[in-house]
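Below is one structure, written out as structure tokens; the observations come after it.
Just so we're clear, the structure is a prediction, and the values are computed from it rather than from any experiment.
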Amino acid sequence: MTTRWGVLATGNIAHKLARAVVASDTSELVAVGSRTQAAADDFAQQYGLSAAGAHGTYDALLEDPNVDVVYVSTPHPMHAEWTIKALEAGKAVLCEKPMGVNHPEVMAMVETAAFHQRFLMEAFMYRTHPQTAKAVELIRDGAIGEVRQMNMSFGFASPFNPESRLHANELAGGGIMDVGCYPVSMARLVAGEEPDAVVGFGRLSPMGVDAWACALLNFPSGAIARVSTAVQLGLDNAAEVFGAGGSIRIASPWMGSRPDGSWSFELNRGGKRETIAGKTKPLYVHEVDAVAQALDDGSLESRYMDWEDSLGNVRVLDLWRREAGVRFDFEKPERCTVPVHGRPLGVRRNAIPNGAVAGVGKPVSRLVMGCDNQPDILHASVMWDSYFEYGGNTFDTAHIYGGGRMEQLLGTWMANRGVRDDVVVIGKGAHTPANFPDRVGPQLDVTLERLGTDYIDLYFLHRDNTEVPVGEWIDVLNAERSAGRIRAFGGSNWSLSRVRAANAYAVAAGSTPFAAVSNNFSLARMVDPVWAGCIASSTAEWRAWLEAEQLALFPWSSQARGFFTDRFDAIRAASGRGADGRFFNQPSDAELERCWFADDNFERRARAVELADERGVEPINVALAYVLNQPFPCFALFGPRVLAETRSSLAALDVSLTGDERRWLNLETNSR
């Protein structure tokens, strides 16, 4: 089947791709989209397109029913917006490199492709060339032995012009983004793994972008790569790979063939030099044909450059830029005012249901976004935008998270999006060792300032202090509620006896009692507290009381911190049992083992796996559904690190469990 192409934007690189489409036997150029009709008409005339295929706006191109795949060739900062819009319009996308300006952008692009089940590929054309395939084949077959060092560069000298795309900060200029991404991608391809350390340097221009830069990539296997780039310095633009038994030098790794289609590189093995050569069609035609083949095969990803590859590459570029001191002005917190797709934030998918909590006065999402693990405002914004667009409106943070950084990020995001009145903010304070009533007010002062708000919707005491009478806690929380600084409150990691006593005191005093509790609750029993002072509400006594009182529970570690994922199997397979009956592995794995590994939990997991197989979902979805299907109000906290984890968690919302199934999963009965 002939693949019909539309080109979005009409810069120099767009012409290269257009010529390749015209020259390809698999594809046809049918449309172009530009910012002006005149530019679109001129482009269309050059390539023999009909007037109907010349669109004076990008949106019009995306609406063209004759287009199967869109090539996004805008300047770097516009890649994410128009790739996402094209995918949402039902088009496959080939996006010019770098796919996005940073990892959060690429993550959003990949997630959109996954959600809409559309093909997406980053346009590293050299990856599709036979020369690249042959070099990698030789390396994988051991022609040069174990890879130990790589030298790769891509750079050129261009006159400094602050308005040029190559030098402008506002257009994500500089060598790292424009061509440094090539040697990074080649080094990762050769190594076959992601680097575990990146050290970078760069000489910045007056615009704050890198004029020339270099980085060292260290790989877990022991290989080291030196990658270099420049936009104001000519480099040799070669790729050299040195192994224990030889080397490979590719003089032209990025452009592939010579004008006549011939290509060659040098192989040195066993002290003997060879020339590996071939002849093939033009470079960009290979790329066009690769996309067409993937679409014919029904693939969503390219075997030459899949989604994880693009995500891995941009992670390295982010680290390199950070090391070199390159920061684009549009990445500053105050500039992150709209989602990466360029539209105002709004609910678009209505996937997350709501419930009610006494005193809050707003709908509360049944899935609560944990805000304890965001590295910066770019990543946080993409994560929280996605959650909000799925219908989520409830965010859990705390005075101590990230030393206050998480509250600041959440406050910045709410201000940038203008959504404070639309969201429920859960705050926590008075954590050990500061868990005394007289610390609530001062900590709340700081929390409100960080968040940029004058009230918290639901406030939890982060830890209990059993030496403090419950009445003192109730009195201070009621005082803050009366002052309008909190709407509702409760206790996190409080025992059942203390919660009962606190609420009994409140009723007797005519005060407001706890509206909620935030303890651990999951299908897996917490064998050992995750952190000191942690308390679970999973016992039969707790569950019966919550059902009778209909008090809201906001459980943390609701999915048992990975116990129901494949990570569990990997730990058991890699570790085996030691003489003392325990498993041994990485520190993070040790925590999983310490807190959740027990025979009764293994059986719960086995039953979750069985039910998941029957329902066509993942075991972790069954585990989360167990939490959400309790006979009392339950609002599960979850802490996705990437967008794919958010989407995978949402599958639990479609899993309904009967009371018998809940009891069976929890080992209370042997039948369901």
Side-chain angles (χ1 to χ4, degrees), residues 8-9 11 13 35 58 72-86 95-112 122 160-181 200 202 204-211 213 229 231 310-311 313-345 374-386 388-389 405 408-419 452 643:
L8 192 149
I13 191 66
R35 290 176 293 178
Y58 297 155
V72 175
S73 61
T74 64
H76 308 331
M78 301 168 67
H79 285 179
E81 175 182 351
W82 290 104
T83 293
I84 289 171
K85 288 178 176 176
C95 180
E96 186 51 45
K97 55 77 207 162
M99 186 182 286
V101 171
N102 49 56
H103 179 268
E105 282 194 355
V106 175
M107 184 170 57
M109 298 159 80
V110 166
E111 181 60 20
T112 304
E122 186 172 13
F160 175 70
N161 177 358
E163 297 181 0
S164 163
R165 175 186 68 81
L166 294 172
H167 303 276
N169 186 292
E170 200 65 23
L171 295 177
I176 293 174
M177 300 304 292
D178 194 63
V179 288
C181 50
L204 305 190
S205 75
M207 306 306 295
V209 303
D210 56 297
T229 190
V231 291
S310 292
L311 287 164
N313 215 59
V314 76
R315 285 191 193 99
V316 176
L317 298 181
D318 283 352
L319 291 170
W320 190 359
R321 280 203 295 131
R322 187 179 69 187
E323 287 276 304
V326 178
R327 188 181 190 188
F328 304 126
D329 289 343
F330 56 78
E331 293 180 310
K332 294 178 179 178
E334 63 272 17
R335 293 283 301 277
C336 300
T337 56
V338 295
V340 295
H341 53 57
R343 297 180 293 259
L345 183 66
Q374 303 300 326
D376 53 44
I377 191 59
L378 299 173
H379 192 276
S381 294
V382 166
M383 294 298 299
W384 298 340
D385 288 346
S386 173
F388 190 95
E389 291 185 336
R405 177 66 174 157
Q408 292 172 338
L409 288 176
L410 181 58
T412 298
W413 176 80
M414 291 191 298
N416 285 347
R417 300 295 185 267
V419 295
L643 290 178

Taking the side chain as every heavy atom from C-beta outward, state whether L378 and E105 have any pair of such atoms under 4.5 Å apart. no
Minimum heavy-atom separation for F388 to L345, with atom names? CD2-CG, 3.6 Å
Test your reading of the model: is there a side-chain donor-acceptor pair from H79 to the backbone of T74, 3.5 Å cut-off? yes
Can you find a pair of side-chain heavy atoms, one from M109 and one from C95, that are under 4.5 Å apart? yes
If every non-hydrogen atom of P339 is compared with every non-hydrogen atom of E389, which pair is closest and at what distance? CG-OE2, 4.5 Å
Validation row: K332, R327 side chains within 4.5 angstrom (heavy atoms): yes
Any side-chain heavy-atom pair from P206 and F160 closer than 4.5 angstrom? yes
Specify the closest pair of heavy atoms between S381 and R417, including all atoms of both residues, with the distance to one decimal. CB-NH2, 3.6 Å
Is there a side-chain contact between W320 and V326 in this structure, where contact means two heavy atoms from C-beta onward sitting under 4.5 Å apart? no
Residue among I377, V382, D385 satisfying side-chain contact (heavy atoms from CB on, under 4.5 Å) with P104: V382
In short, S73 meets A9 closest at the heavy-atom pair OG-O, 3.3 Å
Has D210 got a side-chain atom pairing as donor or acceptor with G174's backbone, closer than 3.5 angstrom? no
Do NZ/NE/NH1/NH2 and the carboxylate oxygens of R315 and D318 come within less than 4.0 Å? no
How about CZ on R322, more than 12 heavy atoms from neighbouring residues, nucleotides or ligands closer than 6.0 Å, or not? no
For the CD atom of E323 and the CD1 atom of I176, what is their distance to the nearest 0.5 Å? 10.0 Å
Minimum-distance pair of heavy atoms, taken over all atoms of P98 and L317: CB-CD1, 4.5 Å
Taking atom CD of E334 as the centre, report whether more than 12 heavy atoms of other residues, nucleotides or ligands fall under 6.0 Å from it. yes
Heavy atoms of V106 and M99 approach each other most closely as CG1-SD, 3.9 Å
Quick check: do K85 and Y58 have side-chain heavy atoms less than 4.5 Å from each other? no
Contact check, side chains of V338 and R343, non-hydrogen atoms, under 4.5 Å: no
Counterpart residues, side-chain hydrogen bond (donor to acceptor under 3.5 Å, both in side chains), relative to E331 (two or more places apart): N102, R321
CZ of R165 to CG of L171, rounded to nearest 0.5 Å, is 8.5 Å
So, does K97 use its side chain to make a donor-acceptor pair with the main chain of D178 at under 3.5 Å? yes
Would you indicate whether the side-chain heavy atoms of E81 and V340 approach each other to under 4.5 Å? no
To the nearest 0.5 Å, tell me how far L311 CG sits from H103 NE2. 4.5 Å
Here the gap from Q374 atom CD to W413 atom CH2, rounded to the nearest 0.5 Å, amounts to 11.0 Å
